[in-house]
There are 2 protein chains.
Amino acid sequence: MGQRAFKDRLYGELAAIGKALANGHRLELLDLLAQGDRSVEDLAREAALSVANASAHLQVLRRARLVDADKRGLHVIYRLAAPGVFDLWRRLRDLGGVRLAEIERLVATYLGDREALEAVDKDELRRRLGEGRVAVVDVRPVVEYRQGHILGARSVPLAELERRLAELPRDREIVAYCRGPYCVFADEAVRLLRQHGFRARRLTDGFPEWRAAGYPIASGALAS
Amino acid sequence: MGQRAFKDRLYGELAAIGKALANGHRLELLDLLAQGDRSVEDLAREAALSVANASAHLQVLRRARLVDADKRGLHVIYRLAAPGVFDLWRRLRDLGGVRLAEIERLVATYLGDREALEAVDKDELRRRLGEGRVAVVDVRPVVEYRQGHILGARSVPLAELERRLAELPRDREIVAYCRGPYCVFADEAVRLLRQHGFRARRLTDGFPEWRAAGYPIASGALAS
DNA sequence: CCCATGATCAATTACTCTATTGAATAGTAT
DNA sequence: ATACTATTCAATAGAGTAATTGATCATGGG
């Protein structure tokens with residue numbers, strides 16, 4: 001094998017990973033899996049795909065070794081194959097956010113004025129958490145909270161937020177977080193909370209970024 | 001626009017970056033550009049592509065905002081659009097190296113026993129550079145050396161190495177480096193040097209990784 | 001001003017995948 | 001047995017891909 005053949009094959013093999021990243025549904029599946037391990041039908045529902053189609057996309061990701069799966073009972077539970085997979089996805093996402101004008105336009109159109117939400121970044125949140133001056137609310141679905149959440153956060157899924165307002169403090173600022181910078185849950189939570197007179201802001205990042213930063217997390221239990 | 005439409009479009013736009021990464025030639029072009037800015041014909045020659053084809057691939061990368069270009073005289077000089085692009089490529093490459101069995105096999109077949117080369121990692125090299133106990137040789141083409149190299153490294157392109165052996169010290173260990181972990185230049189340089197009685201090892205990484213680590217670099221001048 | 005040069009473009013060829021659906025199948029728990 | 005989940009298969013419809021060739025367009029030197 002000549003040097004050229006070696007290079008062609010090497011880069012060609014690496015392009016298999018690129019191919020796995022070359023479809024929006026697959027990126028959404030990676031984003032979901034960054035929140036925690038999930039079954040196929042669960043993922044299919046969240047991503048609005050048929051089970052057969054979701055399964056096919058997951059096979060593509062699996063062949064590229066970006067995800068792995070285990071059979072647990074009737075369900076096949078998928079997970080990111082390594083922490084580095086989230087880092088890869090995050091870098092792609094962040095490059096897109098910074099450099100693709102189309103995304104900026106899209107976010108401005110759909111998410112409206114995010115400036116008003118006065119996002120807190122994770123370093124600031126961590127500092128203020130230590131001082132006990134802030135209440136943190138995880139507005140993702142409970143299943144994601146259970147698999148991992150910011151230490152000290154309370155689970156109040158967006159869908160339940162309105163009828164559980166009484167649980168939340170009015171004497172402290174509330175910081176809501178969700179899946180990541182493009183996730184809409186926290187935005188909507190903050191708007192709802194403010195309408196009801198709470199002081200609320202959103203976390204810039206989501207849980208996966210918090211975990212990747214090595215900041216304190218917890219899992220399993222259901223409250224605080 | 002509903003939430004689903006927003007998600008579909010958001011992930012769809014991000015997939016444009018994935019699509020740009022979904023071809024081996026384009027990954028090779030990114031790898032080359034990580035060494036320094038290059039003209040189209042230069043890139044085409046290095047990657048063994050026709051100029052028209054290289055140009056087309058570069059447009060794909062440009063549309064994904066991974067590279068940018070400026071016209072300088074007759075030439076169009078391409079460059080990585082941001083440092084984050086190298087990070088993205090590196091992460092993809094490293095994931096592939098660790099997780100794709102096919103790549104492991106390929107490297108073992110073509111590069112043979114790399115263990116024997118006793119690679120030095122960049123932290124160790126940096127330590128020993130400070131102590132002056134090691135001579136560093138950049139075996140990439142001169143044009144890449146000129147655009148940036150490890151501070152204190154001497155340029156001896158692999159093609160000229162054999163007839164310039166007299167320039168190299170016999171009383172110190174020599175560390176050769178090139179473009180990155182899958183680049184063959186340094187491997188061949190070390191083998192050649194050892195055949196001629198030098199003490200030589202290769203750097204695990206290449207220049208782009210050294211620079212990304214924030215370690216001392218230089219550019220322009222042609223020696224030392 | 002003209003011409004050589006470098007890069008892009010347009011048109012063409014020749015495919016190779018691609019995503020998706022619906023039905024069949026395999027595996028598993030009760 | 002049977003209800004359930006996931007994968008596989010077959011079929012469809014379509015989109016997109018990479019590459020080549022020759023024309024075209026800028027640019028700078030003579």
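Here the structure is a predicted model, which means the values were calculated and not measured. Throughout, protein chains are lettered first and strands after them, A, B, ... in sequence-line order, and every chain is numbered starting at 1.
Side chains of A:Arg146 and A:Val142 form a contact here, defined as non-hydrogen atoms less than 4.5 Å apart.
Heavy atoms of other residues, nucleotides or ligands lying less than 6.0 angstrom from CZ of A:Arg9 number 12 at most.
Across the protein-nucleic acid pair, B:Arg45 atom CZ and C:dA7 atom C1' stand 15 Å apart, rounded to whole Å. With rounding to whole Å, B:Glu41 atom CD is found 5 Å from C:dA7 atom P. Taking atom CZ of A:Arg62 as the reference point, atom C1' of D:dA6 lies 10 Å away to the nearest angstrom. As a whole-Å value, the separation of B:Tyr11 OH from C:dA19 P is 17 Å. Following rounding to the nearest Å, A:Lys71 (NZ) and D:dA6 (C1') show an atom-to-atom distance of 6 Å. Between the P atom of C:dT8 and the CG atom of B:Leu49 lies a distance of 13 Å, rounded to the nearest Å. In this structure, the NZ atom of A:Lys19 is 8 Å from the P atom of C:dC17, given to the nearest Å. The CZ-C1' distance, from A:Arg63 to D:dT8, rounds to 12 Å in whole Å.
B:Tyr177 and B:Asp138 are linked by a side-chain donor-acceptor pair at a separation below 3.5 angstrom, with hydrogens and angles left out of the test. Side chains of A:Tyr11 and B:Asp31: a donor-acceptor N/O pair is present below 3.5 angstrom, by distance only.
Within 4.0 Å of B:Ala52, counting heavy atoms only, lies at least one base atom of the nucleic acid. Within 4.0 Å of A:Val51, counting heavy atoms only, lies at least one base atom of the nucleic acid.
Side-chain N/O atoms of B:His75 include none lying less than 4.0 angstrom from OP1 or OP2 on D:dT27. For C:dA19, the OP1/OP2 oxygens have a side-chain nitrogen or oxygen of A:Asn23 closer than 4.0 Å. OP1 or OP2 of D:dT5 has not a single side-chain nitrogen or oxygen of A:Tyr78 nearer than 4.0 Å. At the phosphate of D:dA18, OP1 or OP2 sits under 4.0 Å from a side-chain N or O atom of B:Arg26. Side-chain nitrogen and oxygen atoms of B:Ser55 include none within less than 4.0 Å of the OP1 or OP2 phosphate oxygen of C:dA7. In this model, the phosphate group of D:dA19 is approached by a side-chain N or O of B:His25 to a distance below 4.0 Å at OP1 or OP2. Distances shown here put a side-chain N or O of A:Gln59 below 4.0 Å from the OP1 or OP2 atom of D:dT8. Side-chain nitrogen and oxygen atoms of A:Asn53 include at least one within less than 4.0 Å of the OP1 or OP2 phosphate oxygen of C:dT20.
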Evaluate the criterion salt bridge (charged side-chain N to carboxylate O under 4.0 Å, His left out) for residue pair B:Arg179 and B:Glu46; output intermediate values, then yes/no.
CA-CA 13 Å; B:Arg179 290 171 174 164; B:Glu46 284 282 352; 3.2 Å; yes
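Nucleotides of DNA chain C nearest to B:Asp42 and A:His57 differ in position, and the one nearer the 5' end is that of B:Asp42. Each of A:Leu74 and A:Ala56 lies near DNA chain C, and the nucleotide nearest A:Ala56 is the one positioned closer to the 5' end.
The nucleotide whose nearest atom lies closest to any side-chain atom of B:Val40 is, among D:dT27, C:dG27, C:dA7, C:dA7.
A donor-acceptor contact shorter than 3.5 Å links the side chain of A:Arg65 to the backbone of B:Arg99.
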